[in-house]
Chemist: 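One structure, as structure tokens, below. Some questions next.
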Amino acid sequence: MPFVKEKFHIKEETIAFLYVMHTLNYTQGQAQRHIAKGRLIIDGVSMTYTGAKIQGDVEMVFFRPKGTGLRPAFQNKDFMIFEKPSGVLVHPNTMATPYSMLDEVRNIAGDNANATHRIDMETSGLLLASKHKEAEHFLKSAFEKRTIQKSYLAWVDGKLTESFTSTECIKVNKEGYEKTKHKVFIAEDGKTAHTDFVPLEYDAALDTTLVACYPHTGRLHQIRVHLFHVKHPILGDPIYGASFEASDAYLDMMQSEEERLMQHGAPRLMLHAQTLSFPYGAKYYIESKVDFRKMKALICPKKERVFNSRNN
């Protein structure tokens with residue numbers, strides 16, 4: 001497990017954040033956040049006052065990456081780009097998370113390396129990660145300023161023949177999940193969102209269309225909810241396009257492989273981060289080497305799936 005707990009003995013009284021800085025090779029900010037999160041433990045109790053003086057036996061919980069040997073598709077001295085597999089988190093969501101892409105990132109480039117944008121766990125494709133803090137600040141700012149362009153490929157339910165644009169506003173669900181498992185929904189008082197969609201090919205036997213998706217904003221589940229709104233949700237989506245009961249079973253990890261395939265149309269979300277384009281001194285354009293077209297072999301036959309049945 002990447003998060004480990006180790007014991008340390010402090011011979012001479014010292015200030016807590018200074019000890020963490022020197023022991024874990026952290027910056028002052030990193031050390032203070034480490035303590036604020038309760039990861040410095042004395043006599044079994046987390047202490048959160050960064051300026052406290054400490055001595056004697058202490059325990060610390062910290063992230064120790066355990067990479068699998070996954071190598072970047074591209075890297076230089078400042079950043080790396082990985083082909084993230086479907087089913088892998090970008091960051092650990094709890095200290096019990098057994099593996100995430102952060103393991104690979106920090107296994108290669110150390111504790112100051114970090115993923116610079118988010119991709120849903122079930123989405124595959126290009127993930128951009130910085131190798132040091134200066135690169136992280138630049139790349140995260142570039143995402144916020146929208147100077148980094150992204151494109152995705154998606155296998156969607158049904159036939160699409162014309163390109164279209166969705167500018168429907170998106171709002172985060174704050175009313176609970178008793179009636180729907182949707183994390184976001186379309187609402188006039190939501191945040192501005194813009195996605196362009198271009199159909200690439202249609203498979204009549206599977207009744208599915210491969211669509212290129214070009215998001216101009218970065219809202220949560222933007223591509224997924226925009227396609228669901230036009231009644232062509234992404235196949236394999238465990239939330240948008242599935243029944244409440246099927247989504248509930250998925251989220252509770254109570255769904256068999258057969259049920260997942262039938263209820264959602266595929267064993268994974270059929271969405272792939274295909275390209276990244278951005279300036280970093282030079283202009284970079286990176287395209288995924290994964291042949292996502294062939295992934296349609298995972299899709300459940302139309303006659304057997306019930307996914308999106310309420311929209312048909």
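If you're wondering where the values come from, they're calculated on a predicted model, not measured in any experiment. By convention here, the first residue in the shown sequence is residue 1.
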Chemist: Partners of H182 by ring-ring contact (aromatic ring centres under 6.0 Å, His included), sequence neighbours excluded?
Modeler: F228, Y240
Chemist: Hey, are Q274 and K150 close enough side-chain-wise for a donor-acceptor pair under 3.5 Å?
Modeler: no
Chemist: Looking at D189 and K171, does any basic side-chain N land under 4.0 Å from a carboxylate oxygen?
Modeler: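 K171 and D189: salt-bridged.
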Chemist: Assess, by modelled atom type and distance only, whether the side chains of H194 and T167 contain a donor and an acceptor separated by less than 3.5 Å.
Modeler: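 Note: H194 and T167 side chains miss the donor-acceptor criterion.
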Chemist: Of all residues at least two apart in sequence or in a different chain, which pass the salt bridge (Lys or Arg N to Asp or Glu O under 4.0 Å) check with D78?
Modeler: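 So D78 forms no salt bridge (Lys or Arg N to Asp or Glu O under 4.0 Å) with any residue.
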Chemist: Checking R106 now: which residues fulfil salt bridge (Lys or Arg N to Asp or Glu O under 4.0 Å) with it, not counting sequence neighbours?
Modeler: none
Chemist: Identify, with sequence neighbours excluded, every residue that meets ring-ring contact (aromatic ring centres under 6.0 Å, His included) alongside Y152.
Modeler: none
Chemist: Which pairs would a plain distance check flag for residues 35-63, meaning a side-chain donor or acceptor within less than 3.5 Å of a matching protein atom at least two apart in sequence or in another chain?
Modeler:
unit_1 : atom_1 : unit_2 : atom_2 : d
S46    : OG     : G38    : O      : 2.7
Q55    : NE2    : K11    : O      : 2.8
D57    : OD1    : H9     : ND1    : 2.8

Chemist: Who are the side chain to side chain contact (heavy atoms under 4.5 Å, CB included) partners of K283, not counting sequence neighbours?
Modeler: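 Residues passing side chain to side chain contact (heavy atoms under 4.5 Å, CB included) with K283: Q149, S277, P279.
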Chemist: Sequence neighbours left out, what passes ring-ring contact (aromatic ring centres under 6.0 Å, His included) with Y177? Give chain and number order.
Modeler: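 Y177 satisfies ring-ring contact (aromatic ring centres under 6.0 Å, His included) with no residue once adjacent residues are dropped.
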Chemist: Of all residues at least two apart in sequence or in a different chain, which pass the side chain to side chain contact (heavy atoms under 4.5 Å, CB included) check with A73?
Modeler: E83
Chemist: Test: salt bridge (Lys or Arg N to Asp or Glu O under 4.0 Å). Region: residues 216-227. Which pairs qualify, not counting sequence neighbours?
Modeler: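 Checked against salt bridge (Lys or Arg N to Asp or Glu O under 4.0 Å) - neighbours excluded - the pairs reaching residues 216-227 are D120-R224, R224-D237.
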Chemist: Transitive ILVMFWY cluster of I286 at side-chain heavy atoms under 4.5 Å: who else is in it?
Modeler: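 I286 clusters with F74, F79, I81, L126, L128, F138, L139, F143, I148, L276, F278, Y280, Y284.
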Chemist: Can you sort out the partners of E136 under salt bridge (Lys or Arg N to Asp or Glu O under 4.0 Å), two or more places apart, ordered by chain and number?
Modeler: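 Applying salt bridge (Lys or Arg N to Asp or Glu O under 4.0 Å) to E136 gives K133, K140.
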Chemist: Looking at residues at least two apart in the chain, or sitting in another chain, which of them share a side-chain hydrogen bond (donor to acceptor under 3.5 Å, both in side chains) with H216?
Modeler: D196
